[in-house]
Amino acid sequence: MKQYLPHKTPHSERFTPFLEQGKTQRPLYRGLFNYIQQRILSAELPAGSRLPSSRELADLLSLSRNTVKQVYEMLQAEGYIETRHGDGSYVSPQLTLSRRTTQRSPGPHTRPIRLSAKSEQLEQIRPLYQQHKQQLLLPAVPALDQFPWQQWQRSVTHASRGMKFHTERDFMGEAALRTEIAAYLTATRGIHCDMRQVMICSGSQQGMQLAFSMLLNPGDRVLVEDPGFPGIDGAISNAGGIKLSIPIDRNGFRTDIALHHQQDARLAFITPSRNFPMGYTLSLERRLQLLEWARKQGCCIIEDDYDSEFRFDGPPLTALQGLDGEHSVIYSGTFSRILHPAMRLAYLVLPPALVDPFNRMRGFMDGGLSALPQLALADFMARGIFSSHLRRMRKLYKTRRSYLLQQVTQIFNGQLRWEPSDGGMHGVFLLPPGIDDKTIVEQTMKVGLGIRPLSYYYDKQPARSGLVIGFGGYDEARIDAGLALLKPILEHHLKS
Ligand SMILES: Cc1ncc(COP(=O)(O)O)c(C=O)c1O
């Protein structure tokens, strides 16, 4: 039996609100479709009710008949209406939906989606600072104004031409890039590897996520430096691991303390070339102790070598991986700091025994990365642009650091004490006792500075108060501008 729309709501009342609400939406047919769909879902157009003919509706809304016909066809294709030959169009009789299930915005009966216990744990973890590119003196920003853009564009063009013939994919990454990275690491970092051990990742953050999930069982302990890199906290927690925060001193990670936990720990995550953020280098004696521990216990060491290319007084130090004999160390490097943070390209060098299991997991995890940026970077490296850019940046950062040190000493009369480090892209400056770095940074952030409080990088150990100031991405004028913003804030705290 036909069920007509109730008499007191003729078509004009039902459909003319579209003229105000939906007619502004483009394309027009999408606006009308959405309008009628919503009326059906909210049961304003009840199941089984008859719709006006396409001619009637077109006249009513001053639309072309073709537009209305197209909308009716779409509604029919998606099951909202039925068109009965020679009779007309009806809201599908089986659409007896309650308002509750069809309301777009959540109502009192809508239960929120439940997160896994794992994701809820992430809320307990110290949040990462958001970076804004207009902030000055951010610690991990390279000199983007010095990046060889033209050469990079050439590499991108070359890579995109190559894509035409590129059909296969490898979860480990593009062979051309892996070959370049293996050659670069062998020549400059004393690393033993061939390209088959190199896995390309979307930032070292992804590499860590993968490594922790492959190496940890829930409840396993991970030895980490304190202070250290907070970016790994989420990855450890996500894999069910538990951090054991180990203090550092000027010789780096305190192996004497760490190895007390040797029974518990399954993995160590360290920055041996330059501790993040303090800049200390792990001594040879401690390197050997760690390697021995890892071998005896069947444990793994993840060596995060995030910016050791920028050692100012001499060539980069040999990586821990180079001492290892390809057994226990996973070496992690990134292009975020050397080239561009948004490139999101990094790599792991895996011990041969881990290549197959990691490769298998990668297939399930993301199926590998997009080929284009990898091929572009491979070309950029093969043409020697990468190494000459690195050499230039090493000199530039050294000059920028000297300038920052000189200005800080002059402006703050030695009250900010530099913690010596042999390179990098940021400096750590200790504050006089009793001055809280977090309060200062809350204020400096408001005026557009990206300086970080040193205490933020501490986990369990008593935190030192200081400022982590980036210089890599800033020329003298911008260092001056940044320090001019810092000066009144810091002076206020130094006086009070
Ligand atoms: C110590 C350290 N390790 C790793 C990373 C992460 O690098 P990526 O950008 O490749 O994820 C950073 C980023 O700044 C870092 O400071």
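Ligands are counted one by one from 1 in listed order, and the atoms in each one are counted from 1 as well. This structure is a prediction, so every number in the text was calculated from the model and none was measured.
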So for Ser336 against ligand 1, with non-hydrogen atoms under 4.0 Å, the contacting part is side chain
So the atoms of ligand 1 within less than 4.0 Å of a heavy atom of Arg337 turn out to be 14 (O), 15 (C), 16 (O)
At less than 4.0 angstrom from any non-hydrogen atom of Gly203, what atoms of ligand 1 do you find?
10 (O), 11 (O)
To check your reading of the model: name the closest protein heavy atom to atom 3 (N) of ligand 1, its residue, and the distance in Å.
Asp304 OD2, 2.5 Å
How about Phe429 and Phe412: are their ring centroids closer than 6.0 Å?
no
Is the ring centre of Tyr347 less than 6.0 Å from the ring centre of Phe335?
yes
Within 6.0 Å of NE2 in His493, more than 12 heavy atoms from elsewhere:
yes
Backbone or side-chain N or O of Ser204 under 3.5 Å from ligand 1 N or O
yes
Would Phe386 and Tyr184 count as a close aromatic pair, with their ring centres under 6.0 Å?
yes
Do Ser283 and Asn251 have a side chain donor and acceptor closer than 3.5 Å?
no
When you measure from atom 15 (C) of ligand 1 to every protein heavy atom, which one gives the shortest distance, and what is it?
Phe229 CE1, 3.4 Å
Any N/O of Tyr306 closer than 3.5 Å to an N/O of ligand 1?
no
Verify the ring-centre separation between His192 and Tyr331: is it less than 6.0 angstrom?
no
Basic-acidic side-chain contact under 4.0 Å: Arg161, Asp379
no
Contacting atoms of ligand 1, where contact means under 4.0 angstrom from a heavy atom of Gln205:
11 (O)
Quick one: look at Gln206 and ligand 1, take heavy-atom pairs under 4.0 Å, and tell me if it's side chain, backbone, both or neither.
neither
Check ligand 1 against Arg344 and write out every atom of the ligand that is under 4.0 Å from a heavy-atom position of the residue.
8 (P), 9 (O), 11 (O)
